[in-house]
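Sequential numbering from 1 along the given sequence is applied to the chain's residues.
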Amino acid sequence: MSTPRSVSTANRTKRRLRAVALAAATSFVAASCTFIDVATLSGDRMAGRQNNTAGSVLAQDYIIEQLEGIAVGANIGADDPWRQEFNGGANIIGLIPGTDLADEYVMIGAHYDGLGEQCDQLEPGETICNGATDNAAGVAASLAIARHFAEPGNAPRRSILLTFWDREEDGLLGSLAYVSDPVVSLADTVGYINFDILGANILPSLRNYSFAIAAETGGSALSDSVQSAVDAQPLQSQLVSSIFGQGRSDYAVLIGAGIPSVFFSDSTGPCYHTTGDDWQIVDFDKLDQQIAIATAVAGDMADGSVTPTLTEAPLATYDDAVALQAVTSASIGDLDRFSANNQATLLAFVDNVDTIVAEGEAAF
């Protein structure tokens with residue numbers, strides 16, 4: 001017996017409303033998890049997550065607890081498959097097995113270590129360097145992507161390797177230890193997504209700006225994937241060449257090991273490496289967009305539609321100048337926050353970038 005059109009339409013409307021409600025609920029839960037991850041990892045109980053401390057172990061245990069049930073320990077054969085211990089530290093490594101391309105790996109990572117109490121003190125009596133944007137937010141982003149691939153219908157074709165580095169603050173020692181003794185073949189690792197300093201605002205005028213660094217190392221396949229993901233979000237994430245990351249995060253180690261990489265970051269702001277880097281300064285709306293961008297890029301690599309090719313590119317390009325022009329032009333809105341000397345320096349830099357862009361790509 002046929003269903004009356006009015007009833008059928010009503011049922012479709014109800015289904016759509018349920019779908020919208022479910023999507024909203026899923027988004028809320030994901031955002032809630034991200035907040036909890038950041039607040040927990042940057043809480044005083046973790047004591048700044050300095051390597052070889054009780055706070056570091058608490059952070060390790062928390063990350064493993066979040067991964068259990070959605071991933072497995074990747075360091076097979078070790079006494080603890082979740083931990084890769086090295087001199088003075090321990091990386092945490094999880095694996096979400098892929099389906100038909102399980103022998104190929106997409107690596108997603110962030111350093112979880114911090115500075116303990118070895119940072120600039122902003123207020124008397126405040127001693128703990130909680131490292132919320134640097135880099136509890138980066139860890140939270142990695143965990144959010146792990147949870148995404150654990151959802152029904154999101155099983156990756158390629159395996160997802162989740163890497164949480166220790167001793168980054170001591171000179172990228174955790175990622176260096178990994179590439180010297182990888183748990184999976186570096187040759188089978190198709191690309192790496194790195195997070196370091198997320199949800200941070202350098203200036204109020206730059207609240208809607210961020211950076212995607214080094215995508216060119218994966219050729220047009222990776223660059224196009226990152227640009228497409230950026231275009232889908234309101235956040236103005238500027239693609240810039242690897243040199244603009246200054247080699248100051250673990251992406252540089254993985255590129256050096258032959259793995260194309262993209263590094264998502266907000267750069268260093270006024271609370272960088274200070275006791276003021278608490279969860280209260282994290283821009284969670286911004287962080288949610290950064291996670292959405294990176295999840296889309298990870299999805300492209302995980303489903304096999306994007307295979308980066310390690311590419312040697314110029315140190316800097318005309319496109320870098322265009323990206324810097326967008327950021328520096330926006331920053332003029334906060335010129336009065338700078339000293340007279342620094343204002344002059346900033347304005348001279350802006351003029352220089354404007355000149356480069358105006359002269360065109362051929363002149364560059």
Closer than 3.5 angstrom, by distance alone: can the side chain of [X] be matched with the main-chain N or O of [Y] as a donor-acceptor pair?
X	Y	answer
Thr133	Tyr272	no
Ser331	Thr328	yes
Gln289	Leu235	yes
Ser305	Met301	no

Ignoring hydrogens and geometry beyond distance, is a side-chain donor-acceptor pair present between [X] and [Y] at under 3.5 Å?
X	Y	answer
Asp250	Tyr192	no
Gln227	Asp224	no
His273	Asp120	no
Asn201	Asp283	yes

What distance do [X] atom [atom1] and [Y] atom [atom2] have between them, rounded to the nearest 0.5 Å?
X	Y	atom1	atom2	answer
Asp288	Thr34	CG	OG1	6.0 Å
Gln60	Leu58	CD	CG	9.0 Å
Ser142	Gln66	OG	CD	13.0 Å
Ile70	Leu95	CD1	CG	12.0 Å
Asp278	Asn130	CG	CG	5.0 Å
His148	Ile291	NE2	CD1	12.0 Å

Out of the candidates Asn352, Val353, Leu346, only one should pair with Val350 under the side chain to side chain contact (heavy atoms under 4.5 Å, CB included) rule; please name it. Leu346
Knowing that exactly one of Asp196, Val262, Asn194, Thr217 qualifies, which makes a side chain to side chain contact (heavy atoms under 4.5 Å, CB included) with Tyr251? Asn194
With a 4.5 Å cut-off on side-chain heavy-atom distances among I, L, V, M, F, W and Y, is there a chain of contacts connecting [X] to [Y]?
X	Y	value
Phe211	Phe264	no
Leu143	Leu198	yes
Leu161	Leu101	no
Leu324	Ile197	no
Ile293	Leu239	yes

Look at Asp100 together with Arg157 and state whether they make a salt bridge at an N to O cut-off of under 4.0 Å. yes
Is any NZ, NE, NH1 or NH2 atom of the basic residue among Asp61 and Arg83 found under 4.0 Å from an Asp or Glu carboxylate oxygen of the other? yes
Does the gap between the ring centers of Tyr112 and Trp165 come in under 6.0 Å? no
Can Asn51 and Ser56 be said to form a side-chain hydrogen bond (donor to acceptor under 3.5 Å, both in side chains), step by step? CA-CA 6 Å; Asn51 59 289; Ser56 173; over 6 Å; no
Pairwise side-chain contact, [X] with [Y], heavy-atom cut-off 4.5 Å (strictly under):
X	Y	value
Arg158	Tyr105	no
Val139	Ile63	yes
Ile76	Val183	no
Gln238	Val327	yes
Phe164	Ile93	no
Thr274	Gln121	no
Leu172	Val253	yes
Ser159	Glu104	no

side-chain hydrogen bond (donor to acceptor under 3.5 Å, both in side chains) between Ser339 and Asn342, intermediate numbers included: CA-CA 5 Å; Ser339 67; Asn342 286 337; 3.3 Å; yes
Go through it in stages, so that I can follow the logic: the residues are Thr40 and Arg45, the test is side chain to side chain contact (heavy atoms under 4.5 Å, CB included), and I'd like the CA-CA distance, side-chain angles, deciding distance and then a yes or no. CA-CA 8 Å; Thr40 301; Arg45 184 166 174 262; 5.9 Å; no
Within 6.0 angstrom of [X] [atom1], more than 12 heavy atoms from elsewhere:
X	atom1	value
Gln118	CD	no
Asn87	CG	no
Asp231	CG	yes
Glu312	CD	no

Test Phe338 against Leu347 for side chain to side chain contact (heavy atoms under 4.5 Å, CB included), laying out the working first. CA-CA 11 Å; Phe338 296 86; Leu347 289 172; over 6 Å; no
Give me the atom names and distance for the closest heavy-atom approach of [X] to [Y].
X	Y	value
Pro156	Pro97	CG-O, 4.2 Å
Ile96	Phe149	CD1-CB, 4.1 Å
Ala47	Ile128	C-CG2, 3.8 Å
Arg167	Phe86	CD-CE1, 3.7 Å
Leu310	Pro260	N-CG, 3.6 Å
Gly199	Asp266	N-OD2, 2.9 Å

Report the C-alpha separation of Gln50 and Asp113 in whole Å, then their side-chain angles, then the decisive distance to 0.1 Å, and conclude whether the side-chain hydrogen bond (donor to acceptor under 3.5 Å, both in side chains) test is met. CA-CA 6 Å; Gln50 178 67 274; Asp113 67 308; over 6 Å; no
Could you walk me through whether Leu67 and Ile64 satisfy the side chain to side chain contact (heavy atoms under 4.5 Å, CB included) test, starting with their C-alpha distance in whole Å, then the side-chain angles of each, then the deciding distance to 0.1 Å, before giving a yes or no? CA-CA 5 Å; Leu67 293 176; Ile64 293 169; 5.5 Å; no
